[in-house]
Amino acid sequence: MFSPYKTLLAAAAVLLATATAAAQDGSAAYNFLNVTSSARIYGLGGMNITLVDDDITTTDQNPALLGQEMSGQVGLNYMHYIGGSNFAGVRYANKIASHGAMLVNVQYFGYGSMKETDVEGNIIGSFSPKDLNFGLTYSHDITDRLRGGISVKALYSSYHDYSAFALATDLGINYYDEEHDLSLSVVGANLGGQVKRFNERYDRLPIDLRVGWSQSFASFPVRFSITAHNLTKWHLPYYDAGDGTDTSAEQVRKDSFGRNLFRHLVFGADLISSPNWYIGLGYNYKTRTDMSTYNRSFLSGFSLGAGIRVKSFGVGVALAQPHTGATTFMFNLNCNLSELL
């Protein structure tokens, strides 16, 4: 008898072995790969690999979320991130044969203007570092409830006189029971490495294994989600100096079982009483604790998103405040071209 739980467990074991073998010690670069392009996802804590919906932007979290129901969709995204950073992108999907779908996308990550100095610290100009992500995604319906997908990403980085090129792959599988609105997923994210380095130092990708669950219950119009990430590394310690208002406070290392557990989890809940609109709320404990050495606020770690659909068009927005000096904003616009023609 087919068991989705055994299937997902087997997939998790394969992806865990792959991710663990590929992971290396040291800090990862290319962390822009972990910034979602979906306002729906950003409002749910910034990471969600199980949200099954007719929204093309959610596919950047899990290639198995891409489906034939998105054929003809084009999605535009813009995000004002921390500081002077601005991210934007476009993606388009189309069906392939009777059980497949393909998507192409381009994402731009600009970090604003930065001062250029000489070795003595004198300002001699400015430069604008940036990253580009060119992606191709394919998904296939294995059964009426099980879907697998793969994304291939070409990554180009330009930081003043230095440039680098890398290749990455996401592997995902999703089980969706529409009758019970149950979604389970496993994703191996950012598997790959650099082809051209900035200099002699190797910068590794933020390789990750993620497992997720989403479900609503009976007629209650709220869908709950939990996404577990960074599963190849249990210890995720951080340093806490209170709320950041006392600059003389001593930083204390936090590495308890409970803190490590919650730094692996992202929680989300979205109101789904109508197919034409949604409201989502998310909480990311890791984001909140990462800001422990800054001037964080009560809102740090929380995010809020909302969206509406009118005929062939969809609009989504999301807000978050990682710390008091930074408020991030994301905007999405989706359109189904096949319904307009």
[X] side chain to [Y] side chain, donor-acceptor N/O pair below 3.5 angstrom:
X: Asn190; Y: Lys153; result: yes
X: Asp60; Y: Ser37; result: yes
X: Gln68; Y: Asn94; result: no
X: Asn334; Y: Asp55; result: yes
X: Asn332; Y: Tyr78; result: no
X: Tyr238; Y: Arg253; result: no
X: Asp170; Y: Ser151; result: no
X: Tyr138; Y: His140; result: yes
X: Arg145; Y: Tyr176; result: no
X: Thr227; Y: Asn48; result: no
X: Lys196; Y: Ser163; result: yes

Salt bridge Asp53-Arg223, side-chain N to carboxylate O under 4.0 Å: no
ILVMFWY cluster, [X] and [Y] together (side-chain gap under 4.5 Å):
X: Tyr81; Y: Phe32; answer: yes
X: Ile272; Y: Leu65; answer: no
X: Leu184; Y: Ile173; answer: yes
X: Tyr108; Y: Phe134; answer: yes
X: Val35; Y: Tyr30; answer: yes

As a test of understanding, state which of Ile226, Asn284, Thr287 forms a side chain to side chain contact (heavy atoms under 4.5 Å, CB included) with Val266. Asn284
Please report the C-alpha distance between Tyr283 and Phe302 in whole Å, then the side-chain angles of each, then the deciding distance to 0.1 Å, and finally whether the ring pair (Phe, Tyr, Trp, His ring centres under 6.0 Å) criterion is met. CA-CA 5 Å; Tyr283 180 68; Phe302 288 95; 4.7 Å; yes
With side-chain contact (heavy atoms from CB on, under 4.5 Å) as the criterion, how do Trp213 and Leu182 come out once you've worked through the C-alpha distance, each side chain's angles and the decisive distance to 0.1 Å? CA-CA 8 Å; Trp213 163 85; Leu182 168 65; 3.6 Å; yes
Residue pair [X] / [Y], side-chain heavy-atom distance below 4.5 Å:
X: Val186; Y: Leu209; result: yes
X: Thr36; Y: Gln61; result: yes
X: Ile56; Y: Val74; result: no
X: Thr169; Y: Ile150; result: yes
X: Val104; Y: Thr137; result: no
X: Val315; Y: Val310; result: no
X: Arg91; Y: Gln107; result: yes
X: Leu66; Y: Met70; result: yes

Looking only at heavy atoms, which two atoms of [X] and [Y] are closest? And how far apart?
X: Leu205; Y: Leu167; answer: CD2-O, 3.9 Å
X: Arg210; Y: Asp208; answer: NE-OD2, 2.8 Å
X: Pro63; Y: Ser139; answer: O-CB, 3.6 Å
X: Asp181; Y: Ser216; answer: OD2-OG, 2.5 Å
X: Ile142; Y: Gly148; answer: CD1-N, 3.9 Å
X: Ala318; Y: Ala39; answer: CB-O, 3.4 Å

Gap between atom [atom2] of [Y] and atom [atom1] of [X] - 0.5 Å precision:
X: Leu51; Y: Thr57; atom1: CG; atom2: OG1; value: 8.5 Å
X: Leu271; Y: Trp277; atom1: CG; atom2: CH2; value: 4.0 Å
X: His229; Y: Leu265; atom1: NE2; atom2: CG; value: 7.0 Å
X: Leu44; Y: Leu281; atom1: CG; atom2: CG; value: 8.5 Å

Check whether the ring centres of Phe87 and Phe109 lie less than 6.0 Å apart, and answer yes or no. yes
Give a yes or no on whether the ring-centroid distance for Phe257 and Trp234 is below 6.0 angstrom. yes
Determine whether Asp54 and Gln73 satisfy the following criterion, side-chain contact (heavy atoms from CB on, under 4.5 Å), listing intermediate values before the conclusion. CA-CA 9 Å; Asp54 186 14; Gln73 271 198 45; 2.5 Å; yes
More than 12 non-hydrogen atoms from neighbouring residues, nucleotides or ligands closer than 6.0 Å to NZ on Lys95, yes or no? no
So does His99 have more than 12 non-hydrogen atoms from other groups sitting under 6.0 Å from NE2? no
Give the C-alpha distance, both sets of side-chain angles, the deciding distance and a yes or no for side chain to side chain donor-acceptor pair (under 3.5 Å) between Thr50 and Ser214. CA-CA 6 Å; Thr50 50; Ser214 290; 2.4 Å; yes
Do Tyr162 and Ser157 pass the side chain to side chain donor-acceptor pair (under 3.5 Å) test, and can you show the C-alpha distance, the side-chain angles, and the key distance before you say yes or no? CA-CA 8 Å; Tyr162 298 91; Ser157 301; over 6 Å; no
Checking Asn260 against Asp255 for the side chain to side chain donor-acceptor pair (under 3.5 Å) test, could you report, in this order, the C-alpha distance in whole Å, the side-chain angles of both residues, the deciding distance, and whether it holds? CA-CA 6 Å; Asn260 277 304; Asp255 194 18; 2.7 Å; yes
Taking the six-membered ring of Tyr278 as reference, does the NZ or CZ atom of Arg40 fall below 6.0 Å from its centre and within a 45° cone about the axis? yes
Output, in order, the C-alpha distance, side-chain angles, deciding distance and verdict of side-chain contact (heavy atoms from CB on, under 4.5 Å) for Ser185 and Val211. CA-CA 6 Å; Ser185 290; Val211 177; over 6 Å; no
Decide yes or no on side chain to side chain donor-acceptor pair (under 3.5 Å) for Tyr285 and Arg263, but give the supporting numbers first. CA-CA 6 Å; Tyr285 181 72; Arg263 278 172 64 81; over 6 Å; no
Could you go through Asp203 and Gln194, starting from their C-alpha distance and side-chain angles, then the distance that decides it, and tell me whether this counts as side-chain contact (heavy atoms from CB on, under 4.5 Å)? CA-CA 7 Å; Asp203 293 314; Gln194 281 187 312; 3.7 Å; yes
If the plane angle is over 60° it's perpendicular, under 30° parallel, otherwise tilted; pick one for Phe224 and Phe220. parallel
For Ser300 and Arg288, indicate whether the former's side chain and the latter's backbone hold a donor-acceptor pair under 3.5 Å. no
